[in-house]
There are 2 protein chains.
Amino acid sequence: MDETDELLSIRAAELYYEENKTQDEIGQALRLTRWKVGRLLAQAKQQGFIRIEILHPRARRLPIERRLREERGLDDAIVVSSAGVSGAEELQARTAQAAADYLTALRPVPRTLGVSWGRTLFDISQHLRNGWATGVNVVQINGGVSLNRRPGTAAATAVAIAQKGGGSATLLPSPAILEHLATKEAIESDRVVAGVIELARSADAYLFSAGPADHTSVHIESGYLGDRDVDLLVQKGAVGDVVGRYIDSDGNIVDPALDARTIGLTLDELRAGPLRIAVISGRAKHAVADAVVRSGLCSVLVTDEATALHLLDG
Amino acid sequence: MDETDELLSIRAAELYYEENKTQDEIGQALRLTRWKVGRLLAQAKQQGFIRIEILHPRARRLPIERRLREERGLDDAIVVSSAGVSGAEELQARTAQAAADYLTALRPVPRTLGVSWGRTLFDISQHLRNGWATGVNVVQINGGVSLNRRPGTAAATAVAIAQKGGGSATLLPSPAILEHLATKEAIESDRVVAGVIELARSADAYLFSAGPADHTSVHIESGYLGDRDVDLLVQKGAVGDVVGRYIDSDGNIVDPALDARTIGLTLDELRAGPLRIAVISGRAKHAVADAVVRSGLCSVLVTDEATALHLLDG
DNA sequence: CGCGACGCTGCTCATATGAGCAGAATCGCA
DNA sequence: TGCGATTCTGCTCATATGAGCAGCGTCGCG
């Protein structure tokens, strides 16, 4: 397109999109045939001069979702729009809402849903409507009894999801990470705990998030790990954690000893699930989102636009 | 529009604008008639959920231009888009380009064009094409021999506009502001100077900018005023200057004594011109732009989107 | 200078879309 | 509950738009 046509296409676009003139009227104004106007508008679009945004908290980016499915091999992807977002927490809320919407629309409705816990999962539980399902049983897939915070946020999440879905929750009564391997093995061999994990293994779907490998991690907040521990994990290549297990950028466990002291489904058990919905958003989680997708931990990803574009274009 | 319809309208908009589906196809996908889809899309637009931007350095905002004409009584207005602008200087460049475009398209072509000088006018002169007019005579309308900077930027501006327009420039060989009233009167009574000012009074069109009343003012840079002087002017209510004359928010001269020492057209003489094109953009000039428009100093305004919106919505 | 190839123009025709309207459904109020 | 008022729905019809195509001009190359 030469200079003159480029300028004309902009003038035409202004009249078409801002003034709602017909292509015929624009032709008269610019002394062009209406066909020429149509072609100029097509060129303007094709050259990317026209940007159309949908400004709404529930808006999604379907073309990006398609690319995630096609280029990253996901079964499904939900990408919320970042258009007009004020701050990071708004993006979290939008993503949580989208995850809740996805769960609600999910067919067939899972009879047993395995869930992790954390800030993201809690948000999702809050965004779910009462009656989002009828009779969903929720089971925790990793340990989550908090050590120093008000106990029960993990439990509250699972219970809320279950109650609003007209079912009941099965809690995993255990800390996330134990200090000694022996303790972990003892807890794991407990009848109740073993039963819960067994139930978790057989869930129809998993819903989980991932945490960043930095000092904002919920594991530090909960007292399972110290700043020091996280620094060491990062040194070993950790980009974040999934169900309490720290992984590197390829999705491999970075510290097998630590992993052995972590209660809940293993990553391979998680990966064996038929439907694995990961909900991951925010700048800090770009790297771990990539690792989760790369290693096939999730089959469905709910995320924000910026994270999605990071996964696609680096 | 209730919650359900709002959500549906967003889904429809995604399919329509991002996936290029027809309303009929969307109807099938969402189990709606195509008429319902059309109505949902109309509602989405009307509620402002759909934003269409034209991303191009030459893009203008026609609806805002119309409002400026209608609500601020301008004969014409040119508003450049701020969409996708990286920094302040890009906005200046866009505005200067728009002013150059406006001059080039101006009919009838003015035989004599009165110009002020400054950063903005210089930019315009650079953006004009060679041969933008044939035989335009340019005359300076205010004094502009710089005291401490390389002399001639003012002259270079007028000369460039004239040369590219196939005409010649008449310079006003005088400083902008004199220290003593007597000196000013002496210079003004000089045959040559008086002749130039007389020619300036009879120009077919004026092209000028305005400066902010702050320490970035070109009058400080040129040595006509000190930081102290400007502070005093601001105290007296100055919002900026036009052709070297400082005005308050109603367009009145704030310091008559200073004004009397300023060489060039008076504001009333400027206001008497048949076509008065002001080119004003940038955050710092919002107040002075308002004063210029409010007091009828310009009949045509070339500006940026943010400044225009400031003039319209405060 | 001649000739083929390419791109651009203005058209016809098919399709997509918006305006307007009559009947159906819903609402509000007694 | 009944009834008028209002909104909503699905339609017809007019219009706007995009696809495709033949003719023209222009360009590059021999």
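Side chains are part of it too, since the values below use all heavy atoms of this structure and drop only hydrogens, waters and symmetry mates. Keep in mind that what you see is a predicted model, and the values were worked out from it rather than measured. In what follows, chains carry the letters A, B, and so on, assigned in the order in which the sequence lines appear, proteins first and then strands, with residues in each chain numbered from 1.
Contacts of B:Glu19 classified as salt bridge (charged side-chain N to carboxylate O under 4.0 Å, His left out), with partners at least two apart in sequence or in another chain: A:Arg66. Taking B:Arg72 as the reference, B:Asp290 meet the salt bridge (charged side-chain N to carboxylate O under 4.0 Å, His left out) condition, with sequence neighbours excluded. Take B:Ser168 and apply the side chain to side chain donor-acceptor pair (under 3.5 Å) test, not counting sequence neighbours, and it matches B:Asn137. Applying the salt bridge (charged side-chain N to carboxylate O under 4.0 Å, His left out) rule to A:Asp24 yields no partners; only residues at least two apart in sequence or on another chain are considered. Residues passing the ring pair (Phe, Tyr, Trp, His ring centres under 6.0 Å) test with B:Phe49, sequence neighbours excluded: A:His56. Legend: residues meeting ring pair (Phe, Tyr, Trp, His ring centres under 6.0 Å) with A:His286, ordered by chain and number and at least two apart, are A:His310.
Axis angle across the helix from C:dC1-D:dG30 to C:dA30-D:dT1, with five pairs used at each end and values rounded to 10°: 40°.
Remark: B:Tyr16 OH to B:Gln23 CD distance equals 5.0 Å, nearest 0.5 Å.
Each of B:Arg11, B:Lys36, B:Arg39 was evaluated against B:Asp5; a single residue qualifies, B:Lys36, per the salt bridge (charged side-chain N to carboxylate O under 4.0 Å, His left out) test.
Of the residues in residues 2-21 of chain B, those placing a heavy atom less than 4.0 Å from an atom of DNA chain C are B:Tyr16, in numerical order. Within residues 28-48 of chain A, the residues approaching DNA chain C are A:Thr33, A:Trp35, A:Lys36, A:Arg39, by heavy-atom distance under 4.0 Å.
Counting only residues at least two apart or in different chains, salt bridge (Lys or Arg N to Asp or Glu O under 4.0 Å) contacts with residues 88-109 of chain B comprise B:Arg58-B:Asp101, B:Glu90-B:Arg94.
Between B:Ala306 and B:Ser82, the shortest heavy-atom contact is N-OG, 4.0 Å. Between A:Ala289 and A:Ile280, the closest heavy-atom pair is CB-CG2, 3.8 Å.
In summary, contact between chain A and DNA chain D, defined as any nucleotide atom under 4.0 Å from a heavy atom of the protein, begins and ends at D:dA16 to D:dG20 in the 5' to 3' direction.
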Report, one line per pair, each donor and acceptor closer than 3.5 Å where one atom sits in a side chain of residues 124-133 of chain B; sequence neighbours left out.
from: B:Ser125; atom 1: OG; to: B:Phe122; atom 2: O; distance (Å): 2.6
from: B:His127; atom 1: ND1; to: B:Asp123; atom 2: O; distance (Å): 3.0
from: B:Trp132; atom 1: NE1; to: B:Ile161; atom 2: O; distance (Å): 3.1

